[in-house]
Amino acid sequence: MTGRSSAPGTLRPGGRTARTRAAVRDAVLTGLGEHGYPGLTVEYVAEHSGVHKTTLYRRWGGIEGLVADALDLAGEDDWTPPDTGTLEGDLRALAREATQSFADPARAAAPTAIIAAAFQAPRAADALHAFYSERFSRCEAIVRRAIARGEARPGTDAGAVVRAVSAPMYFRLFITREPIDEALADQAADAALAAVRAGAFAAAPGG
């Protein structure tokens with residue numbers, strides 16, 4: 001991630017320090033899944049990571065810093081957006097992937113807790129914003145390919161397209177608390193595709 005100053009625990013050195021940071025991240029995510037943000041403690045992270053709580057406080061400052069860094073580290077993966085050969089296929093695959101991430105309660109527990117933490121902790125909110133901004137940046141490839149194939153107008157806002165795909169699912173997950181499934185994923189993808197074809201996400205002439 002770029003555009004943010006380095007806070008305690010957010011540097012990316014290699015070797016033993018990197019392994020320690022990964023162990024702490026795993027403990028934080030496990031704890032969030034089991035207890036949620038309000039129930040996560042430094043003592044829990046220390047016990048499950050093998051890192052002394054004095055070190056955790058010194059490097060991360062407490063739970064808020066630990067959660068923020070766990071999300072920051074999660075954004076360093078090698079995830080790439082789908083490439084099916086068509087914009088319709090890419091958007092459907094992207095929507096279904098998001099749905100599958102929350103279909104299994106065990107898998108969904110940690111990301112759900114992180115999103116909830118963003119409403120309670122400013123540093124977690126900043127980290128969540130940076131995480132999704134980076135994800136949207138990776139998804140720009142979907143729109144670039146669509147423009148090259150003539151499926152989208154030049155200047156189409158890739159971030160807006162991705163938000164349009166994911167918004168209906170996240171609304172149900174975190175606002176109305178309704179279930180989501182592949183039918184909803186396909187519907188969201190098709191709605192975003194129709195908007196792209198209509199030019200709703202393209203830059204205005206002269207803009």
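When reading the values below, keep in mind they use all heavy atoms of this one structure, side chains included, and skip hydrogens, waters and symmetry mates.
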> Check for me whether the distance between the ring centres of Phe131 and Phe136 falls short of 6.0 Å.
no

> Could you verify whether a donor N or O on one side chain and an acceptor N or O on the other, from Trp79 and Glu134, lie under 3.5 Å apart?
no

> Considering non-hydrogen atoms only, spot the tightest contact between Ala125 and Ala118 and give its length.
CB-O, 3.3 Å

> Does Arg21 pair with Asp69 as a salt bridge, N-O distance under 4.0 Å?
yes

> Give the minimum heavy-atom separation between Pro81 and Ile142, together with the two atoms involved.
CB-CD1, 3.7 Å

> I need the minimum non-hydrogen distance between Ala95 and Met169, along with the two atoms involved.
O-SD, 3.5 Å

> Give the table of side-chain donor-acceptor pairs shorter than 3.5 Å for residues 32-46, with sequence neighbours excluded, one pair per line with atom names and distance.
unit_1: Glu34; atom_1: OE1; unit_2: Tyr44; atom_2: OH; d: 2.8
unit_1: Thr41; atom_1: OG1; unit_2: Tyr44; atom_2: N; d: 3.0

> Looking at Cys139 and Val162, what are the two nearest heavy atoms and their distance?
CB-CG2, 3.4 Å

> Side chains of Ile114 and Leu29: closer than 4.5 Å at any heavy-atom pair?
yes

> What is the minimum heavy-atom distance between Asp78 and Arg138, and which atoms define it?
C-NH1, 3.9 Å

> Do you see a donor-acceptor pair shorter than 3.5 Å between the side chains of Glu178 and Thr176?
yes

> Are any of the side-chain nitrogens in Glu64 or Arg123 under 4.0 Å away from the carboxylate oxygens of its partner?
no

